[in-house]
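So that the names make sense, note that chain A is the first sequence line, chain B the second, and so on, each numbered from 1. Side chains are part of it too, since the values below use all heavy atoms of this structure and drop only hydrogens, waters and symmetry mates. Every value quoted in this text rests on a predicted model; they were computed, and no experiment measured them.
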Protein chains: 2
Amino acid sequence: MDQTKDTRPEASEKRQRGVTMETVGRMAGVSQVTVSRALSDPSKVSAKTMRKIQDAIAATGFVPNAIAGALASNKSKLITALVPSITNIVYSSMIRSFSLRMREEGYQILLSETGFDPEDEEVAIAAHLSRRPDALLLTGIHHSAQARRMLLASGLPVVEVWDYTDSPIDMCVGFRHAETGYAAADYAIERGYTKAATIAAGDERALRRKDAFKSRYEQKTGSSVLEMNFESNATLARGREGLAALLDKGFDTGLIFCSSDILAHGVIIEATARGMRIPEDVAVIGFGDQEFAADVEPSITTIKVDREAFGSAAADVLLARFHGETVEEPEIDLGFEIIRRKSA
Amino acid sequence: MDQTKDTRPEASEKRQRGVTMETVGRMAGVSQVTVSRALSDPSKVSAKTMRKIQDAIAATGFVPNAIAGALASNKSKLITALVPSITNIVYSSMIRSFSLRMREEGYQILLSETGFDPEDEEVAIAAHLSRRPDALLLTGIHHSAQARRMLLASGLPVVEVWDYTDSPIDMCVGFRHAETGYAAADYAIERGYTKAATIAAGDERALRRKDAFKSRYEQKTGSSVLEMNFESNATLARGREGLAALLDKGFDTGLIFCSSDILAHGVIIEATARGMRIPEDVAVIGFGDQEFAADVEPSITTIKVDREAFGSAAADVLLARFHGETVEEPEIDLGFEIIRRKSA
DNA sequence: CTGTTAGCGCGTTCAT
DNA sequence: ATGAACGCGCTAACAG
């Protein structure tokens, strides 16, 4: 109905400042404050002026300037979140449930990918703090000293997720990675696997799970655990290569504890391609209980952590904080569960 | 070294306002403006005062308030991005490359998930516009009329990605989904598959690819194409169910065009479990060339779109715009490629 | 090279 | 129920 001319940004040198509450107010015959009130608490404004204001908003296409609002109120309704990788379903599904819950309360999420280097995380944290978020969500419990200092100095609520510590920066929602490795080792021993190996890829937490598995298994059985570690991210190809490498190293039969389901799946594919039977020749335990784990052949025995629960639990503690409630238990261990399927 | 007392947010009623340029300036013996200049363009400040300012910053832990900066300069260094799903690798890998490129230039990305409902997208767009981003990135080319109006009125650069149209809101970077279906049909016919079926799941674009395949295949061969469509997201389980359903419907042998690699993988697993040979009994074409496509058995013939290229191309057109250059070609078709592997 | 002055658009407080 | 005045922390002119 409008915009017949070229309104593309290059047409005008400087970006035009938009419609303000001042504009809307003038059109509705009221002051700027009244418009502000009408938007934040309609009950404080008479029905008649409310209507006039709404008409003016519709006519002008007014969109409140959250930047100005944030500056004035010292509340940004912004949460910034840092994850190692946004393409990793483990983190993205957590963020999804976190966002959903926070959005219900009017918060938006500024998300950044930090990789696995604490230095990079530190830079990202500084950038995020400059946006004056109302809180921050971090992945993991290991951060640079400078990062901790900045976070503490900001006085903002901070939730660390996906790992557990008794002494978080502020609050944490996670699980004990080492425990998953112990549990997997116990499971392997119980089920009679007298030889074991590991394949790990990705972050430091994956290595911690692997180390726990290995130490527990070796300690209890006396049989040493071969391992294959990749610096890179976990992929199907790494899983296949992992099995191949272990076989080369002399591993012939037994159970393989993988740091993720995708690696486990790779092992299954490689084993099948070599005519090995699963779990008779090679048994596999994965990690994560990803969507496909139950549907591949054979289905993958894995360690399940309720990723969505992490997101919503993190949201809950933050919201409690925002609502002025004292968070009794700022360290939450959500645990995990071994899902027994056919691969081990 | 500091913070010996309890500084957790609940300790103080109102969040304390932080260190400002004013504070830093006073400590360094200069005015607030000089601090601002020192940070935005060190060359405009003498080396000596620069040093004093840096010391003061280090001592105070000053973090610039980007909110205030954005309000004053009318530039937020913020790009907001909307994707249907953040857990879908297709979108997240695109966003990853987009972010990386934009971050180099000092931009941050506010990401929201909109699902597949244009109404939800509209709400999200309004919320995003209130943050006064410097540009917006949208997924797809179908948006509500109101959304288009708001976007146009904002005068902001907008990039629509992952689809192609000659008449974008502003700019677009994508590919023609229908063409992929035509190409797949031609491929199937060329390779002698005289029967075909489709399995689709997910968004409207998946259906468009499927429709194109079906119409081209039926038109050229006269043989009708059975189809199985899911409302839900594509999963391995849907792929398995899809094949089962097609077999029930009377499909016995031929090629199946799937709207994603994960569906294709499900078909392969189900077929293998039933003792069917691939591609002799059932041939499969996927879509996306996801990481696992080359590594499953048999490897998946698929349609590859360079997802990372979309992200960086989108970043490039935006950055060109920001740098004041006129974007010659605001509609970019990045095309696609059929990757021939063993499954078809 | 540095300082002064004026906003940016809104929320907050105090009046009325 | 409404308005006037002020300030949030910063950038953008314009001086000097």
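- Phosphate contact (OP1/OP2 of D/dT2, side-chain N/O of A/T34, threshold under 4.0 Å): absent.
- In this structure, the CE atom of B/M21 is 6 Å from the C1' atom of D/dC10, given to the nearest Å.
- Residue A/R17 has its side chain nearest to C/dC8 when only C/dT4, C/dC8, D/dG7 are considered.
- Look at A/T49 and you'll find a side-chain N or O under 4.0 angstrom from OP1 or OP2 of D/dT2.
- Annotation: of the two residues near DNA chain C, B/R132 and B/K44, the 5′-most nearest-nucleotide partner is B/K44.
- Of the two residues near DNA chain C, B/S43 and A/N65, the one whose nearest nucleotide lies more 5' is B/S43.
- Considering only side-chain N and O atoms, B/S36 lies nowhere under 4.0 angstrom from the phosphate OP1 or OP2 of D/dC10.
- Remark: aromatic rings of A/Y107 and A/F322 are close, center separation under 6.0 Å.
- Taking each heavy atom of A/G311 and A/S97 in turn, the nearest pair found is CA-OG, 3.2 Å.
- A/G174 approaches A/Y164 most closely through the heavy-atom pair C-CB, 4.4 Å.
- Axis deviation across the helix from C/dC1-D/dG16 to C/dT16-D/dA1 amounts to 30°, comparing end segments of five pairs, rounded to 10 degrees.
- Within the structure, every side-chain polar atom (N or O) of A/S73 is placed at least 4.0 Å from both OP1 and OP2 of C/dG11.
- Evaluation of atom-type donor-acceptor distances gives a pair under 3.5 Å for the side chain of A/R37 against the base of D/dG3.
- Residue A/S46 places at least one side-chain N or O closer than 4.0 Å to OP1 or OP2 of D/dT2.
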